[in-house]
Amino acid sequence: MATAAKTLGFIPRPTAQTGFWSWVATVDHKRIGILYGVTGFLFFLVGGLEAWVMRLQLARPGLEVVTARTFNALFTMHATTMIFLGVMPLLAAFMNYLLPLLIGARDVAFPRLNAFSYWIYLFGAIFINIGWLKGTAGGDVPDIGWFGYANLTSVEFSGGLGTDIWTLGLLLLGLGTLVSAFNFIVTILNMRAPGMSLMKMPIFVWTVLVTSALIIFAFPSVTVALIMLMFDRAFAANFFEVAAGGSVVFYQHLFWTFGHPEVYILILPAMGIVSEVLPVHARKMLFGYSVMVFSTALIGFMGFTVWSHHMFTVGMGPVVNSIFALTTMAIAVPTGVKIFNWISTMWGGQVRFTTAMLFAIGFIASFTIGGLSGFMHAAAPSNTQQHDTYFVVAHFHYVLIGGSVFALFSGIHHWFPKVFGRLLDERLGRWSFWLIFTGFHTFAFPFHFLGLMGMPRRIYTYAPGLGWELWNLVSTIGVFVLAAGVLTFIANVVVTMRRPADAPADPWDGRTLEWTIPSPPPVYNFATLPVVYLRDAFWFHKYPEGKEKALDFGSPQTGPIHLPGPSLMPILLALGPTVAAAGVLFIRMRLSYAVPVIVAGFVITLLAIWGWAFEGEGGALIEPGEGD
Amino acid sequence: MGMWTRQRGARRGLALLLAGGLLAGCSTLPQTPLDPKGPVAQTQTGLLLYTLYIAVGIGIFVTAALLYVVFRFRARPGQTGVPLQIRGNHLLEIVWTVIPILILVSVAFPTVEAAFSTATPPEGALTVRAVGYRWWFAFEYPELGIVTANELRIPAGQPVRLELTSNDVIHSFWVPKLAGKTDMVPGRVNIAWIQADEPDVYLGQCAEFCGDSHANMRFLVKALPQAEFDEWVRQRQAMAEGPRDLSPAAARGRELFESTAGNCFACHAVDGTKAQGAVGPNLTDVGQRSTLAAGILENDYENLKAWVKDPAAFKPGTTMPSHARLSEQDLDAIVQYLQSLK
Ligand SMILES: [Cu+2]
Ligand SMILES: [Cu+2]
C-alpha cells in the first residue's frame, strides 16, 4: 500500500513489513525501542563479563588472572560499556517505546531521526570495542579510565590506538544521544493527547523531558573536550600538552561539566520508571506529583552547579572546594524529598509483591544507601580521604545498579506484557529478584569497608596484610550470586517468549494510557486518539471519583491511519560519521588512505542527507484493526 | 573547633571498633583513614565520621520506614475496594524539606571550617618537594639539600609542608593516616601539609590512575623522633661525598653501574659519583630503604637482584629495562654495591 511516487531520492523507501530489512529500515518507535533494549542488554552482559573478570583478579591479593594492562582496559571498558552502551540505551529503550504510548501519540516527532540515533549508537558501540580484536597488549583497547583524564591520554603516555578509539567512539555515541534528546523534547511538547497538559503528564514523561534537557546542555561540553583530545592526538594540537602551556585541569572541568549531569541522565529516567511502577502495584496515586515534578527539574538544574566535587583533590583551594561542597549538599534535599514521596505513595495502598514491585522497593532501599554515601562525598575535606577509593566505587554502584539497573528490571517486568504480549513468570521473577538483590549487596556493600580501609580504586592488584582480603573475597562471591540472578532473568525471558502471546491489555490494573490498548500494541498504537482530562486518566476512568470525566477516546477514526514509511536513510546517515571516524583513526595509524576515508565519510553523510530530504513522504495507510 | 571535633576521641574509638574488629576480622589496618595519626587527618576523619553517623542514622530510619510501609500496607487476600487516592500533603513535604536542610547546615559549618584549617601549612614547617613519576615518588628537601625516593623521612610532631607536582601524568599523594589526597599535577605545584604525631611508619599510595602500574605506586612515610631525624639528616648530607670503603665486589659493582656495561648511570643518580641520571629514583641511600620500587618489594638481597634483573616482572610497563644480559657475577656485584649505599 506504499505510496511510491516519483522522488529525487536515490534509494526508494523500502516497503517490507517483516523480515530483516523491515528492521533495518524501521522507523516505528516500538521497534526501535526493542532494538535499543536488546542491544543495550547485550552490552550490559558484556560489561558484566568485564566486571566478573576483574572481581576474579581481585578475589585475593596478588592474583594474576589478567595482566595489569588488561585489567586497566577492563575497568575502562566496563564503565564505558555500562554507562554509554548498557544503561543509557536501556533507558532509551523505555523512552522510545513508552513515550508515545504514555502521551497518547502514534510515534515520536521525528521517526527517521529516531532510527538514526539507534544506528549511530550501534556503530559507535561496535567502534569503541573494535580494539579487542587486536588484544590488549598493544594498548589498542582503551585503558585510560572512563573519564580519560589528560595527559594520560596523550600520545606520549598512551601510544596505542585505544585512546583514539575511545575518543572517536564516544563522539559517535554522543551524536545519537543529542539527536534523541531533541527528538524527545519536541515529541513531548508537541504530540501530547488533547487535554494532557504538562502537569497531567505521567511522571516518567517529565523525567524524560528533564533528562533530554540535561543531555542538550551537558553533551556539548564533553564533545568539546573529546574533539580537543582528538586534535591533540591526531593532529598534534596542544590543548592538554603541559610543556606547550596546555592545562590538564581544564580537561577535568570540561569533562565533569558533562560528567555530573550524566549521572542524573542515568538516574532521573530510572526514578521516572519507579514512579510509574509504585503507584500501579500499590494501587495508589503517586504521592506529591507536583513536588516530584519540581524536584526532578530542580535536581536537573542543580546538577550543573556541582561538577567540581569530582575534583576536590586537584588543588582548587578552600574557597572553591567549600562552594562546591555546599552546592552538592543542597542536591540531597530534592533527592530526599523523592524518597519520602515514594514511601508515602505506598502508605495506605495495597502493595502487591510482584517482581516489578520487588525491584522498585529494592531500588528505594539501595538507592538511598547510594544517595547517603553521595552526601558524605560532598564534605570536601573528608572527601579527600574517600576520593578515588572503593568508598566511591561503592557509592556509584549503589546509584547505578541499586538505582538505575534495579529500576530497569522493575520496568522490564512491568511493561514486558505490553511489549511482548506475555507476562513474565512471577516465580522465576522472584528468584531472579532475590538473587540479584542479595548478590548485588554482597558484591557492593563490602566496597564501603574496603574504601574506609584505604583501598584505592583502579588497582589491578594489592598486597596482603592491608586488611583487604576478606571483603574482596566476599565481593567476588557476590558477583556469582548476582550473575545467577541475571541468568535466571534471561531464562525467564526465554521461557516466557515460548508461550503464546495471551497477555491482557491491562494485566496490572494500570493507570496510564498504554494499558488502554492491546498487548502488544498495533503499529498505529491508538485506533482512536485519547482525550485526557485527569492525571492517571485510565485509573480514574476505571474507578471514577465523583462525576468528573477522566478519559475519552475521541471520535472514532474514519478511514485509514497514515504511518511514516520505513527508510534506509537513517542507517546510511549513521554510517557517514562512522566512516569519517575510522578515517581519523587511520591518520593515527599513518595509513596513506586516511584522508580519502574521511572524505568518503563526509560524502556518505551528504548523500544520506540528500536522500533523506528527497526520498518522498512514503509511508503506509493502515486500517485500524489490520497490520498489528 | 566545633562539637564534631571535640567528640573525636570517642568517635574514633567506635570507628576503629567498626572497621577493625567488626568488619575486617583482622587486627591491623595499616592504610585506613579511620585511624588518623596527625592533625590534618584527624580533622578530616572527624568530619568523615560525623557525616558517616548521619548517613547511617538516616539510612536506618528510611529502611525501617520502607519496611514498615511495605508490610503494613501489603495487599491481603480477600481485600476489596480501591485505596483512597491521596494526592499529597503540603505539611509533610515541608517537613521533609526543612529537616534535611537543618541537618545539612549542621554539616556545612564544620565542612567549611575544615576546608580552610587543612589547606594552609603552619609557619616554619619543614619543606619537602614531592614529585610523582610513573610509578614512583621523588622526595627533595630543598632546605637540606637532600634528594631521595619512595621513603619520606620526617620529624615526628612537626608539620611538613609539601610542594606536590608531577614529572609526567597526574598522580595523587595520599597517606591515609596523615592526610587525605592532594593531586600531583604536571605543570603546577599544589601545597599540602602533613604531620605525624607519633614516630612510626605510615603507608602511602598513589591515588590517581596513572597507567599500567598505578597499583604498584606506593611509598612510606617514616616519622622519626626529632633527634633521630637530625642525625639522619647529618649522616645523609655526608653521603653527598660519594660511597666510601667499598668491598672489592661492591667496587666492581660501582664500575658496572657507572659504565655502559651496566648503564645504570644513564637513569640513576648516586650523589658524589659520576652517575647523575634523572630518569629513575636517586639511589644514593637505596641501601637504607626498607622497600624497593615504590613500596612493592621488601629490600633484601634476593629481591634487589631479581628487580635489577627483570623489573617489568614486578612492575609492568616500567621504563627500567631488563638486565638479564648481565652475568650472575655482575648482578651480584651490582647488588653488593647498591646494598652498600647507606
Ligand atoms: Cu558528580
Ligand atoms: Cu601514580
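As the structure is a computational prediction, the values presented were derived from the model and not from experiment. In the text below, chain A, chain B and the rest are named by the order of the sequence lines, each starting its count at 1.
- Heavy-atom distances place both the backbone and the side chain of B:L66 under 4.5 Å from chain A.
- When side chains are defined from C-beta on, A:S322 does not count as touching B:T111, because their heavy atoms never get closer than 4.5 Å.
- In this structure, no portion of B:R72 lies under 4.5 Å from any heavy atom of chain A.
- Using a 30° and 60° split on the angle between ring planes, B:F209 and A:F75 fall in the perpendicular class, above 60°.
- Both the backbone and the side chain of B:T182 have a heavy atom closer than 4.5 Å to some heavy atom of chain A.
- Side-chain N/O atoms of A:Y460 and B:N216 include a donor and acceptor closer than 3.5 Å.
- Between A:F340 and B:L92 there is no side-chain heavy-atom pair separated by less than 4.5 Å.
- Of the residues considered (A:G371, A:A282, A:P318, A:S158), A:P318 shows the highest number of contacts with chain B, using heavy-atom pairs under 4.5 Å.
- B:L203 touches chain A through its side chain: at least one heavy atom from C-beta onward sits under 4.5 Å away, while N, CA, C and O do not.
- Under 3.5 Å, the side chains of B:Q44 and A:T384 contain a donor-acceptor pair of N or O atoms.
- Proximity to chain A is absent for every atom of B:A192, based on heavy atoms less than 4.5 angstrom apart.
- Within the 4.5 Å cutoff, no side-chain heavy atoms of A:S382 are placed close to those of B:T45.
- The part of A:I144 that comes within reach of chain B is its backbone (N, CA, C, O), which places non-hydrogen atoms under 4.5 angstrom from that chain.
- Listed options A:I369, A:I361, A:N383 were ranked by heavy-atom pairs under 4.5 angstrom with chain B; first place goes to A:I361.
- Only the side chain of A:S344 comes within less than 4.5 Å of a heavy atom of chain B; its backbone N, CA, C and O stay farther away.
- Only the side chain of B:W174 comes within less than 4.5 Å of a heavy atom in chain A; its backbone stays farther off.
- Side chains of A:R511 and B:Q85 form a contact here, defined as non-hydrogen atoms less than 4.5 Å apart.
- Only the side chain of B:R188 comes within less than 4.5 Å of a heavy atom in chain A; its backbone stays farther off.
- Contact of B:A119 with chain A is made through the side chain alone, with heavy-atom distances under 4.5 Å.
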